[in-house]
Amino acid sequence: MTPARLLAAAAVVFALAGCGSDPKPNTDGVHAVVASPSELPSPSPSPSPSPSVAVPSDAAVPGAGVPTPARTTTKAAPPKTTKPAAPKTTKPASVYYANCAEVKAAGKAPLYRGQPGYRSGLDRDGDGKACEK
């Protein structure tokens, strides 16, 4: 381990020690042991790095500079399109015939599906043509 990375790791340990959090498992199952601030030795001034040692700006962040694989969250929902409503095969009857005798008396026999007054109760064989006989 290079001196710069060792220094960065020590800085991370000291930063985590100040959190006072309980040990929790990482994603790889390894526990981090964190001491409370009262258990730590008093900090002593650390020597500054010599000018010949370059400390990268990402040294304080473990794994920084390492590309991470792109994560895919959820697929975006396809855009909603408004479709016109499918035409109804039967319209609500504005005219009501109780039986085929009334239809014939009104001179409207036979009634076809979609026409006012048509209903499945008047269509015996279900072919879309009511009061045909």
Side-chain angles (χ1 to χ4, degrees):
M1 184 177 254
T2 64
R5 292 226 182 238
L6 185 60
L7 183 61
V12 170
V13 170
F14 281 116
L16 289 175
C19 294
S21 63
D22 294 330
K24 294 185 181 172
N26 293 333
T27 56
D28 59 358
V30 178
H31 291 277
V33 179
V34 179
S36 67
S38 63
E39 297 172 356
L40 294 175
S42 61
S44 60
S46 59
S48 60
S50 64
S52 63
V53 178
V55 178
S57 62
D58 62 350
V61 180
V66 178
T68 57
R71 294 185 189 181
T72 56
T73 52
T74 57
K75 288 185 177 180
K80 292 184 180 183
T81 58
T82 54
K83 295 180 182 177
K88 294 182 180 180
T89 56
T90 58
K91 294 180 183 177
S94 58
V95 178
Y96 178 81
Y97 298 108
N99 53 36
C100 286
E102 287 184 14
V103 174
K104 290 176 185 172
K108 301 291 184 177
L111 288 175
Y112 295 96
R113 186 177 291 138
Q115 286 183 324
Y118 173 88
R119 59 185 177 89
S120 60
L122 299 175
D123 188 0
R124 288 185 278 160
D125 55 2
D127 63 352
K129 190 176 177 184
C131 303
E132 54 195 299
K133 291 186 181 182

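Throughout, residue positions are numbered sequentially from 1 according to the sequence presented. As the structure is a computational prediction, the values presented were derived from the model and not from experiment. Both backbone and side-chain heavy atoms feed into the values below; hydrogens, waters and symmetry mates do not.
For Glu102 (side chain) and Ala98 (main-chain N/O), a donor-acceptor pair under 3.5 Å exists by modelled atom type. For the pair Arg119 (side chain) and Ala130 (backbone), a donor-acceptor distance under 3.5 Å is absent.
Residues Tyr118 and Val95 share a single hydrophobic cluster, defined by chaining ILVMFWY side chains whose heavy atoms lie under 4.5 Å apart.
When all heavy atoms of Ala109 and Lys104 are compared, the pair lying nearest together is CB-CG, 3.7 Å. When every heavy atom of Tyr97 is checked against every heavy atom of Pro116, the shortest pair comes out as CE1-O, 4.4 Å.
With a 4.5 Å cut-off on side-chain heavy atoms, Asp123 and Glu132 count as touching.
The number of heavy atoms from other shown groups lying within 6.0 Å of CZ (Arg124) does not exceed 12.
Between Cys131 atom SG and Leu111 atom CG the span is 5.5 Å, to the nearest 0.5 Å.
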